[in-house]
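This report concerns only the one structure given below.
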Amino acid sequence: MKKFIEIPMEVLMRLTDGKCVKGSLRRDKKTGSLLFRAYIGQKRQKDKVVCQLENGWLKESAQRYKFFNSVKKDL
């Protein structure tokens, strides 16, 4: 048995570039044909470096400040 699946052009372009596409396969209620709907992922903004410290850094994200410190064992 063969089934035809409708795939949008954006998804097809990503597949031809060799990238992975996550989504769901559904049956359209009106036409009854199979339809692939790709998940729309959100791109995360990079953290902004607030201060570069001697032994680490302080970064700011959308929801919090991130502090990293690395000290040698000699101290």
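We're numbering straight along the sequence, starting at 1. Atom set for the values below is all heavy atoms of this structure, side chains included, hydrogens, waters and symmetry mates excluded.
- Using a 4.5 Å cut-off between side-chain heavy atoms of Ile, Leu, Val, Met, Phe, Trp and Tyr, with links allowed through other members, L12 and L25 fall into different hydrophobic clusters.
- Taken to the nearest 0.5 Å, the NZ atom of K46 stands 14.5 Å off from the OG atom of S61.
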Candidate pair L15 and V21, rule side chain to side chain contact (heavy atoms under 4.5 Å, CB included), full reasoning: CA-CA 7 Å; L15 288 173; V21 179; 4.0 Å; yes

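- Transitive grouping of hydrophobic side chains (ILVMFWY, heavy atoms separated by less than 4.5 Å) brings F67 and V50 into a common cluster.
- If you take CD on Q52 and CG on N55, they are separated by 10.5 Å, rounding to the nearest 0.5 Å.
- Both V11 and I5 are part of a single hydrophobic cluster, where members link through side-chain heavy atoms under 4.5 Å apart.
- F68 places none of its side-chain heavy atoms less than 4.5 Å from the side chain of K59.
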Derivation of the side chain to side chain contact (heavy atoms under 4.5 Å, CB included) call for V49 and C51: CA-CA 6 Å; V49 177; C51 181; over 6 Å; no

Show me, pair by pair, the donor-acceptor contacts under 3.5 angstrom made by side chains of residues 30-40, not counting sequence neighbours?
{"unit_1": "T31", "atom_1": "OG1", "unit_2": "D28", "atom_2": "OD2", "d": "3.0"}
{"unit_1": "T31", "atom_1": "OG1", "unit_2": "S33", "atom_2": "N", "d": "3.4"}
{"unit_1": "T31", "atom_1": "OG1", "unit_2": "S33", "atom_2": "OG", "d": "3.0"}
{"unit_1": "S33", "atom_1": "OG", "unit_2": "E6", "atom_2": "OE2", "d": "3.0"}

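- In this structure, D47 CG and E60 CD are separated by 9.0 Å, a value rounded to the nearest 0.5 Å.
- Note that CE of M13 and CE of M9 are 6.0 Å apart. Values are rounded to the nearest 0.5 Å.
- The OH atom of Y65 sits 8.5 Å away from atom NZ of K48, with the distance rounded to the nearest 0.5 Å.
- To the nearest 0.5 angstrom, K22 atom NZ is 11.0 Å from R14 atom CZ.
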